Visitor: 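Just dropping this structure here.
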Amino acid sequence: MRGPLLLLLASVVLGAGAAVAAVTERSDGLRPPGLTARTAAPSGSVVARATPLPPALAPAPAVPAPTPAATPTPVPTPPSMGTAPASRAVGRPFRDGRLENGVLLPAQGPGHRTWDAPLQRSPSRAWRRWGTDVLVATVLQVLAEHRAAHPESPPILVGDLSRPRGGIFDQRYGGLGHASHQNGLDVDIYYPRKDRLPIEAARASQVDRRLSQDLVDRFLARGAEFVFVGRNVRLRGPKGRVSKLPHHDDHLHVRIPDPDGVGGR
């Protein structure tokens with residue numbers, strides 16, 4: 001009896017092993033998901049070793065938002081004078097002149113720099129650049145238009161206007177002084193140089209006549225009463241409004257009319 005029982009027990013064990021093998025090894029040679037090849041255990045049983053699942057996919061990198069196109073810089077316009085009292089040019093530009101409620105020209109801007117002729121430097125001292133509100137607005141507007149039309153040109157140098165309260169502006173205040181510039185209606189504009197250097201021209205041959213004539217024309221179009229130019233720079237304009245004077249080969253001198261009629265020629 002013992003012999004047949006041993007044979008029966010052996011057949012059961014072998015059958016169980018085949019069943020496990022069927023689980024871990026399919027007839028088509030492919031393993032079930034998550035299992036690898038069989039590994040023998042000490043007791044003769046078969047265990048399946050788990051295969052790690054592939055890691056989750058990393059999130060796609062964020063796509064940066066498109067950079068908006070650059071907005072062109074608008075042409076500057078004269079600053080608003082706000083609620084400040086209107087300026088008054090009293091007396092005449094060359095006699096008994098004074099300035100009331102004057103406006104300070106900025107030391108520099110997109111289209112200009114200021115030039116202190118006695119010190120030969122930029123910017124100029126603040127007390128040398130006061131004018132009426134109309135004069136300051138006119139200067140800023142003309143120079144902005146000039147720069148927009150000639151973006152390759154350097155900023156224009158602006159010289160003396162008037163003192164904070166106007167009055168005499170002669171040699172006692174440096175340089176050759178001014179016979180006029182007393183009541184906030186006058187401004188000196190230095191000619192652009194051919195070499196684009198940001199300093200005044202030492203002689204007429206250094207002056208860019210094309211750009212300088214453009215400045216003359218624009219100030220006339222904005223209502224300048226007079227434009228005084230140098231004798232050797234060959235600039236032109238209507239007779240009686242554009243005149244040649246000595247000591248003006250490095251700058252043009254613009255005078256606007258008094259809008260209130262308080263001052264005058």
Side-chain angles (χ1 to χ4, degrees), residues 70-87 89 99 101-166 169 174-175 178 181 183-201 206-208 210-224 227-229 248 250-256 259:
T71 302
T73 302
V75 176
T77 55
S80 171
M81 302 306 169
T83 57
S87 301
L99 173 63
N101 302 320
V103 172
L104 177 65
L105 178 77
Q108 62 182 33
H112 81 282
R113 295 180 185 176
T114 52
W115 179 253
D116 197 313
L119 299 181
Q120 291 288 288
R121 74 180 190 190
S122 180
S124 69
R125 289 163 285 181
W127 59 266
R128 304 183 73 91
R129 43 187 165 89
W130 288 79
T132 63
D133 46 9
V134 176
L135 176 66
V136 171
T138 299
V139 169
L140 293 177
Q141 184 64 47
V142 167
L143 299 187
E145 293 171 353
H146 174 82
R147 186 63 183 274
H150 307 282
E152 79 287 352
S153 66
I156 299 300
L157 297 180
V158 181
D160 291 338
L161 283 75
S162 294
R163 296 164 54 215
R165 293 180 177 82
F169 204 164
H178 303 284
H181 287 256
N183 64 352
L185 299 177
D186 296 272
V187 60
D188 288 340
I189 306 291
Y190 287 89
Y191 304 125
R193 292 173 55 116
K194 293 177 181 177
D195 56 15
R196 303 295 192 261
L197 289 178
I199 57 176
E200 65 182 70
Q206 296 175 331
V207 173
D208 187 316
R210 179 180 67 89
L211 294 178
S212 299
Q213 185 64 57
D214 182 79
L215 288 170
V216 172
D217 296 341
R218 290 182 186 278
F219 275 108
L220 291 173
R222 283 286 172 179
V227 178
F228 303 108
V229 299
H248 284 68
D250 59 353
H251 72 280
L252 58 91
H253 174 168
V254 177
R255 178 175 299 157
I256 67 169

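Excluded from the calculations below are hydrogen atoms, water molecules and symmetry mates; all remaining heavy atoms, backbone and side chain alike, are included. On a predicted model such as this, the values are computed, not experimentally measured, just so you know.
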Visitor: Quick one: pull up OH in Tyr191 and CG in Leu252 and give me the separation to the nearest 0.5 Å.
Guide: 5.0 Å
Visitor: Backbone N or O of Pro110 within a donor-acceptor pair of the Arg147 side chain at under 3.5 Å?
Guide: yes
Visitor: Can you name the closest pair of heavy atoms from Gly174 and Pro118 and give their distance?
Guide: C-CG, 3.7 Å
Visitor: Should the pair His253 and His181 be assigned to parallel (<30°), tilted (30 to 60°) or perpendicular (>60°) ring geometry?
Guide: tilted
Visitor: Decide yes or no on side chain to side chain contact (heavy atoms under 4.5 Å, CB included) for Ile189 and Phe219, but give the supporting numbers first.
Guide: CA-CA 11 Å; Ile189 306 291; Phe219 275 108; 4.0 Å; yes
Visitor: Look only at the side chain of Asp116 and the backbone of Arg121, and say whether a donor-acceptor pair between them is shorter than 3.5 Å.
Guide: no
Visitor: Answer yes or no: is there a side-chain heavy-atom contact under 4.5 Å between Val139 and Leu161?
Guide: no
Visitor: With a 4.5 Å limit on heavy-atom distance, are the side chains of Leu215 and Pro192 in contact?
Guide: yes
Visitor: Can you establish whether the number of heavy atoms outside Arg218 located under 6.0 Å from its atom CZ is more than 12?
Guide: yes
Visitor: Sub-3.5 Å donor-acceptor pair from the side chain of Arg163 to the main-chain atoms of Trp130, do we have one?
Guide: no
Visitor: Could you tell me whether the side chain of Thr132 and the main chain of Leu185 form a donor-acceptor pair under 3.5 Å?
Guide: no
Visitor: Could you walk me through whether Ile199 and Trp115 pass the side chain to side chain contact (heavy atoms under 4.5 Å, CB included) test, one step at a time?
Guide: CA-CA 8 Å; Ile199 57 176; Trp115 179 253; 3.7 Å; yes
Visitor: Between Arg129 (side chain only) and Leu105 (backbone N and O only), is there a donor and an acceptor less than 3.5 Å apart?
Guide: yes
Visitor: Measure the CZ-CG distance between Arg165 and Asn101 for me, rounded to the nearest 0.5 Å.
Guide: 10.5 Å
Visitor: How close do Asn183 and Ala89 get, heavy atom to heavy atom, and via which atoms?
Guide: O-CB, 3.2 Å
Visitor: Asp214 and Arg210: salt bridge (charged side-chain N to carboxylate O under 4.0 Å, His left out), yes or no, with the steps?
Guide: CA-CA 6 Å; Asp214 182 79; Arg210 179 180 67 89; over 6 Å; no
Visitor: Is the backbone of Thr114 close enough, under 3.5 Å, to the side chain of Ser124 for a donor and an acceptor to pair up by distance?
Guide: no
Visitor: Has Arg125 got more than 12 heavy atoms of other residues, nucleotides or ligands less than 6.0 Å from its CZ?
Guide: yes
Visitor: So, Asp160 versus His178: side-chain donor-acceptor pair below 3.5 Å or not?
Guide: yes
Visitor: With Glu200 as reference, evaluate Gln120, Arg193, Gln206 under the side chain to side chain donor-acceptor pair (under 3.5 Å) test and give the passing residue.
Guide: Gln120
Visitor: How long is the span from the OG1 atom in Thr138 to the CD1 atom in Ile256, to the nearest 0.5 Å?
Guide: 5.0 Å
Visitor: Would you call Arg196 and Leu211 a side-chain contact if the rule is heavy atoms closer than 4.5 Å?
Guide: yes
Visitor: Between Leu143 and Gly111, what is the shortest heavy-atom contact and its length?
Guide: CB-O, 4.1 Å
Visitor: Decide yes or no for Tyr190 and Asp250: does some side-chain heavy atom of the first lie under 4.5 Å from some side-chain heavy atom of the second?
Guide: yes
Visitor: To check you understand the geometry: which heavy-atom pair defines the closest contact between Ser212 and Val207, and what is its length?
Guide: OG-CG1, 3.3 Å
Visitor: Looking at every non-hydrogen atom in both residues, tell me the closest pair between Ala86 and Asp133 and how far apart they are.
Guide: CA-OD2, 3.6 Å
Visitor: Go through it in stages, so that I can follow the logic: the residues are His251 and Leu157, the test is side chain to side chain contact (heavy atoms under 4.5 Å, CB included), and I'd like the CA-CA distance, side-chain angles, deciding distance and then a yes or no.
Guide: CA-CA 9 Å; His251 72 280; Leu157 297 180; over 6 Å; no
Visitor: Rounded to the nearest 0.5 Å, what's the gap from CZ on Arg222 to CG on Leu220? Could you check?
Guide: 12.5 Å
Visitor: Search all heavy atoms of Gly102 against all heavy atoms of Ser87 and return the closest pair with its distance.
Guide: CA-OG, 4.0 Å
Visitor: If I take atom CD from residue Gln108 and atom CZ from residue Arg113, how far apart are they, to the nearest 0.5 angstrom?
Guide: 6.5 Å
Visitor: Assess whether side chain to side chain contact (heavy atoms under 4.5 Å, CB included) is satisfied between Leu140 and His112, documenting all intermediate values.
Guide: CA-CA 8 Å; Leu140 293 177; His112 81 282; 3.7 Å; yes
